[in-house]
Amino acid sequence: MTVSSDLFTRAQELIPGGVNSPVRAFRSVGGAPFFTKKAHGATLTTADNQELIDFVCTWGPAIHGHNNPIIREAISDALFKGTSFGTPNPYEVEMAELIAKMVPSVEKVRMVNSGTEATMTAIRLARGYTKRDKIIKFAGCYHGHVDSLLIAAGSGALTLGKPDSAGIPESLAKETIVLPFNDLSKVEEAFANYGEQIAGIILEPFPANVGLIFPESGYLQGLRNLCTKYGSVLIFDEVMTGFRVSAGGVQEHVGITPDLTALGKIIGGGLPVGALGGKAEIMDYLAPLGPVYQAGTLSGNPLAMAAGISSLKLLLETDAYASLEKMGKQIATAIADTAKELGMPVQVPQVGSMFCVYFSEKTVANLDDAIATDTERFNKYFHRCLDKGVYLPPSKYEANFISTAHQQGAIDQATDILTQTLREL
Ligand code: HOZ
């Protein structure tokens, strides 16, 4: 018995499914998860001392790799001043200034503790501001485990084949209009039917909880125009893409300005943080200024702020995005070229340091396309790569992340393994 399998047996006795977040359980790819005892740079060390090149990067936050010494020092400095004050603290102000500087649409920002809290607050604020109830979301987009948004959701929900969660009242679900991604005519139709009732549209502008999907040309602009026309709030969920696709996220990359943006992951530098930012006029509807209530005992926590500030500053001070793009392109091109040579149907969407491997003939443009990709082949690929020391996300619906710590050595090694494994499928 390995150390990981022993831990998993014990975990399953006390923790539902043995994990504290469902996709970690390997249900989609089969087998049992490994346990990690430490992580450094681009490498995870399992409880059984296997070293893995990590492309999960703690599901996005670790853009500077694991246990980055500069972030660690920032946390350590903060630690000696106290772990939580329950009053405003100077870090929060610096964090707000950094976010407003980096993310184009953000005039004001409220710190929360997770991406889920950010999207939950975003839709409450959109509803409070517009005094309307309906929200449009897109099939396959995942916005954390918010009741109104756990409908046709991606990520772990989809991985388990249960994109609609039990426990969500029908009365609430009926206020969520679910539409297919990349079909503007369906959104126009929804606005034509319910325009005066639609509080907002929420979307991942590059859906990354269903693999990695790009919007077709004009799609995001079309959504922006409809929201402006009908007085609805456009919400970008950039929990995954914020500070990752570029310093200002997808909104900067494509030049479309949402009204509100949900942020998380990188902003916490590896500690639990989320944020909601956007137009001052809307943000001022939040308590204590406005009628929309939101609060949190640990919001703006000094340790999390210190880690996040340090992570964001590192992005600004280094040439991170150019080197991340180079590494992402190298891997994606190598996999796509090898597949082409083999005559194997594979798509490798990539932007900067995000990519995914779909076993599919056609470009994946929406949830149905993603579901139709070859699951069995993906799972075989996942396990063989893992055996050889490369950890990809354990579901065909999750995106891969590269960190600045991967550097050329780990990327070259992983590229060899990823292409060689493709040849052996
Ligand atoms: N929501 C994350 C994947 N998109 C999973 C987080 C986790 O399991 O840690």
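Numbering of ligands and ligand atoms starts at 1, following listing order.
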Undergrad: For Val23, counting its heavy atoms only, list the atoms of ligand 1 lying under 4.0 Å from any of them.
TA: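 Going through ligand 1 atom by atom, the ones under 4.0 Å from Val23 are 5 (C), 8 (O).
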Undergrad: Any idea which protein heavy atom is nearest atom 8 (O) of ligand 1, and the distance to it?
TA: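 For atom 8 (O) of ligand 1, the nearest protein heavy atom is Ser21 OG, 2.9 Å.
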Undergrad: With atoms numbered from 1 as shown, which atoms in ligand 1 lie under 4.0 angstrom from a non-hydrogen atom of Tyr142?
TA: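 So the atoms of ligand 1 that pass are 1 (N).
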Undergrad: Quick check on contacts: which atoms of ligand 1 are under 4.0 angstrom from a heavy atom of Glu398?
TA: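 Every atom of ligand 1 under 4.0 Å from some heavy atom of Glu398: 3 (C), 4 (N).
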Undergrad: Can a donor-acceptor pair be found between the side chains of Lys137 and Thr176 at a distance below 3.5 Å?
TA: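 No.
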Undergrad: Between the side chains of Ser299 and Arg110, does any donor sit under 3.5 Å from an acceptor?
TA: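 No - no donor-acceptor pair under 3.5 Å links their side chains.
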Undergrad: Tell me, which protein residue and heavy-atom name are nearest atom 1 (N) of ligand 1, and how many Å apart are they?
TA: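 Going by distance alone, atom 1 (N) of ligand 1 is nearest to Ser155 OG, 3.6 Å.
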Undergrad: So, Ser76 and Glu73: side-chain donor and acceptor under 3.5 Å apart, yes or no?
TA: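 Absent: no donor and acceptor within the cut-off.
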Undergrad: Does the side chain of Asp237 come under 3.5 Å of the side chain of Thr119 through a donor N or O and an acceptor N or O?
TA: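 The criterion, which ignores hydrogens and geometry beyond distance, is not satisfied for Thr119 and Asp237.
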Undergrad: What protein heavy atom is closest to atom 4 (N) of ligand 1, reported as residue, atom name and distance in Å?
TA: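 So the nearest neighbour among protein heavy atoms is Asn209 OD1, 2.7 Å.
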Undergrad: Given Val29, which partner from the list Val23, Thr375, Asn379, Leu392 fulfils the side chain to side chain contact (heavy atoms under 4.5 Å, CB included) test?
TA: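 In the set Val23, Thr375, Asn379, Leu392, the residue that makes a side chain to side chain contact (heavy atoms under 4.5 Å, CB included) with Val29 is Asn379.
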